[in-house]
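Down below is the structure, laid out as structure tokens.
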Amino acid sequence: MKHGRSMFVCVIGMTVALFALLHMGSAQALSVSSTRLQVLIGNTVMLGVNDASGRVNAKSSNTDIATVSYEDGVARITGRAAGKVTVSFRDGLNTRTVAVTVTSVAPGNFTLLAWSNLGMHCYDGNGYSVFSILPPFSTLNAQLVDRSTGMLVASGVTMTYQSTPDTRGSINTISSTKTNFWQYVKILFGMAPPADVGLLGYPVASNSPAPMAYNAKYNWFEAVGIPMTNVDDANARNDYPMVRVVAKNSTGQVLATTRVVLPVSDMMDCHNCHASNTDGNAAQNRARPAAGWVFDPDPLSDWKKNILRLHDEKQAGKPAFAAALKAKGYPDGLYGSAMAGKPVLCPACHVSNVYRIDAGVQTGMEGLSPMTEAIHRSHANQTDPGNGMTLDHINDRSACYLCHPGSVTKCLRGAMAGSDHQCQDCHGRMSHVGRPSRKGWLDLPNCQACHHDGKRELVGVDSQGRPLSWGDGHFATSPDVPTAGARLYRFSDGHGGLKCPACHGSTHAESPSREDNDNVQNIAIQGYAGPVLECAACHASMPNTVNGGPHGMHPTGSQWFKRHGEVSRSAAARTGCAYCHGKDFRGSPLSRVKVPRSIGSHSYAAGQAVGCYECHNGPTSGSRKSGA
């Protein structure tokens with residue numbers, strides 16, 4: 001375990017260095033990773049200070065309550081006594097301030113929100129003997145809310161994760177007996193973590209609690225690269241294993257717990273076209289190597305070996321390919337290397353941004369196409385063996401699921417899944433994804449492409465596969481996360497500094513999900529599945545605000561019901577009301593209640609939109625309908 005931890009420290013150091021390089025030369029203005037912090041008395045919270053122009057001066061408005069120090073892009077704020085202060089950071093051009101509340105943490109009302117950073121992590125299953133695209137590498141994030149202040153807790157707490165039974169009683173406490181990853185990890189990745197320990201030192205979720213670390217840059221707790229598999233302890237397939245996350249204070253008292261899915265699938269599966277066969281299917285035969293099908297008795301090794309044989313044939317004689325073989329130690333070609341006992345790591349030659357973003361490791365070689373481009377561009381004009389359409393055809397709903405987890409795993413399971421949606425609606429066609437100008441894992445769909453001006457678009461991309469752009473920013477992802485030019489949902493901030501997935505769920509598993517395990521956390525927090533909407537989930541008392549809630553919302557419940565009349569008398573306020581309640585004030589999808597509830601004397605069924613006309617004769621009517 002010491003070896004695993006030393007690797008963790010080493011790679012985290014690489015991550016910090018990488019982020020520093022990414023920000024060098026940036027023309028952006030001074031920024032801080034959070035504008036509101038809660039610090040415990042006697043504890044220190046680290047805060048990222050980015051894009052500074054020259055020297056940075058850090059100052060606390062009251063050093064008796066909190067002190068601040070700054071060095072190399074990191075500020076350290078230490079709580080001294082209970083109270084509130086303002087910490088300011090000034091460079092040669094700008095000043096940024098952070099509101100700091102210093103308090104003590106004792107068992108009481110806390111809400112713990114945890115999520116997988118991806119809606120589905122993929123890994124090579126038991127197929128690491130031939131080639132690998134991804135290791136088992138699940139990532140868990142968590143944020144703790146103090147309901148007495150409504151603020152995030154960043155210090156004075158420990159966070160752990162461990163396996164727990166899911167809604168069907170399935171539990172997964174070991175991985176080393178379910179994959180050959182650890183047999184080949186040294187050859188493939190140049191590391192030798194102990195069995196059941198991942199590449200960054202985090203162990204598989206087991207019956208023993210494992211610690212998470214606090215990441216000041218993103219203001220969350222994290223466990224990066226947990227080596228989960230999709231086979232449970234009863235040797236049954238389960239792509240949605242659950243973990244229990246526990247937050248404790250410095251004396252070991254439990255502050256909050258939650259249960260959350262760490263989804264994982266081995267269905268990066270190319271057998272539909274690349275498996276050895278004698279069927280005579282024309283589309284499949286186009287993928288047959290000139291040297292013939294391998295016909296390996298192991299189905300998983302079979303299609304992988306066919307791919308390496310075909311890759312060698314297609315790239316033979318190309319200088320860049322020859323240079324890559326020499327540089328990466330595959331002198332006998334990819335197929336020959338695998339047959340000699342040295343499996344191939346695909347990202348060793350082809351850049352994969354997921355390694356850079358999630359592990360802080362640069363992959364690939366100059367002169368070779370990135371992984372996303374290499375795979376999608378080369379396959380866009382191939383034929384789907386099941387229906388005869390090209391994989392690039394807008395109507396081929398199965399194109400993506402031929403290789404990505406779908407036909408069995410069905411990873412697209414969230415609120416946006418259904419008969420009226422397909423992958424291309426958000427990502428564009430396969431040729432768009434494989435375009436050289438498109439950066440894999442960075443140029444991804446964003447929320448505002450479909451959610452804007454009180455509307456919901458069914459297709460969020462233009463004819464070139466680029467996200468639609470609107471002026472409305474109510475549902476916009478944060479700019480420049482995790483790097484300049486990117487707007488990734490999973491790194492974006494929302495209400496109170498919570499990350500978007502904390503309330504809305506992971507990508508492809510947006511709340512409510514059709515997978516029961518995904519809904520466990522939100523049901524426990526607010527009593528029903530769906531995004532976290534109830535103010536009481538994170539606030540001990542109802543906030544007194546008109547538009548300070550998530551996405552500019554007002555509170556819901558009896559307090560707002562008593563107050564909404566005085567607010568709606570203003571024409572300007574009614575303009576804001578129309579955003580969710582519709583221009584005719586008869587309700588819209590944004591004002592639908594998620595569960596049956598009573599507002600005043602009127603009862604609403606789940607899914608019913610709230611408007612003015614249930615109780616009034618319109619938005620400007622001061623009188624109430626009879627009986628309302």
Side-chain angles (χ1 to χ4, degrees), residues 30-50 52 55-91 94-113 142-160 211-222 246-256 493 495-499 502 535-545 548:
L30 178 70
S31 64
V32 292
S33 58
S34 178
T35 58
R36 298 172 71 234
L37 283 179
Q38 178 168 307
V39 185
L40 300 184
I41 297 173
N43 281 270
T44 298
V45 171
M46 292 183 291
L47 182 77
V49 181
N50 306 309
R55 181 180 177 183
V56 174
N57 178 266
K59 183 179 180 181
S60 169
S61 63
N62 189 333
T63 56
D64 290 333
I65 294 176
T67 59
V68 59
S69 63
Y70 170 83
E71 184 177 2
D72 295 333
V74 177
R76 290 172 171 80
I77 301 173
T78 301
R80 299 297 185 189
K84 296 183 178 182
V85 297
T86 299
V87 173
S88 61
F89 300 93
R90 186 177 72 251
D91 65 4
N94 299 285
T95 298
R96 297 290 179 261
T97 59
V98 179
V100 178
T101 300
V102 181
T103 183
S104 59
V105 170
N109 289 327
F110 292 85
T111 297
L112 180 57
L113 295 159
Q143 291 180 304
L144 181 67
V145 181
D146 183 344
R147 294 181 65 247
S148 66
T149 63
M151 297 179 65
L152 296 176
V153 179
S155 67
V157 297
T158 59
M159 201 78 68
T160 60
M212 301 174 68
Y214 179 68
N215 186 321
K217 181 176 179 67
Y218 297 117
N219 203 18
W220 62 34
F221 291 86
E222 63 184 12
V246 180
K248 296 182 180 180
N249 65 12
S250 57
T251 64
Q253 295 172 301
V254 174
L255 301 177
D493 289 310
H495 178 65
L498 286 166
K499 299 298 178 182
C535 299
C538 295
H539 297 273
S541 58
M542 190 66 70
N544 184 24
T545 181

What distance do [X] atom [atom1] and [Y] atom [atom2] have between them, rounded to the nearest 0.5 Å?
X: Arg90; Y: Thr97; atom1: CZ; atom2: OG1; value: 13.0 Å
X: Gln143; Y: Leu152; atom1: CD; atom2: CG; value: 5.0 Å
X: Asn219; Y: Leu37; atom1: CG; atom2: CG; value: 6.5 Å
X: Cys538; Y: Asn109; atom1: SG; atom2: CG; value: 11.5 Å

Taking all heavy atoms of [X] and all of [Y], pick out the closest pair and write down the distance.
X: Gly548; Y: His495; result: O-CE1, 3.1 Å
X: Gly150; Y: Val145; result: C-CG1, 4.0 Å
X: Ser60; Y: Thr63; result: OG-N, 3.9 Å
X: Ala247; Y: Met159; result: CB-SD, 3.6 Å
X: Lys499; Y: Tyr218; result: CE-O, 2.9 Å
X: Leu47; Y: Ala216; result: N-CB, 4.1 Å

Distance-only donor-acceptor pairs under 3.5 Å for side chains of residues 66-80, two or more places apart:
{"unit_1": "Tyr70", "atom_1": "OH", "unit_2": "Gly73", "atom_2": "N", "d": "3.1"}
{"unit_1": "Thr78", "atom_1": "OG1", "unit_2": "Thr44", "atom_2": "OG1", "d": "2.7"}

| field | Which residues share a salt bridge (Lys or Arg N to Asp or Glu O under 4.0 Å) with Asp91, sequence neighbours left out | value | none

| task | Start with the C-alpha distance between Tyr214 and Val157, add both sets of side-chain angles, then the distance that settles side-chain contact (heavy atoms from CB on, under 4.5 Å), and finish with yes or no. | result | CA-CA 10 Å; Tyr214 179 68; Val157 297; over 6 Å; no

Can you sort out the partners of [X] under side chain to side chain contact (heavy atoms under 4.5 Å, CB included), two or more places apart, ordered by chain and number?
X: Ile65; answer: Asn62, Val85, Val102
X: Ser250; answer: none
X: Lys59; answer: Asn57, Ser88

| N/O donor-acceptor pair under 3.5 Å between Thr111 side chain and Ala537 backbone | yes

| query | Taking the side chain from Arg96 and the backbone from Leu30, do they hold a donor-acceptor pair closer than 3.5 Å? | reply |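 Here the side-chain-to-backbone pair exists.
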
| message | Test: side-chain hydrogen bond (donor to acceptor under 3.5 Å, both in side chains). Region: residues 147-160. Which pairs qualify, not counting sequence neighbours? | response | Gln38-Thr149, Asp146-Ser148

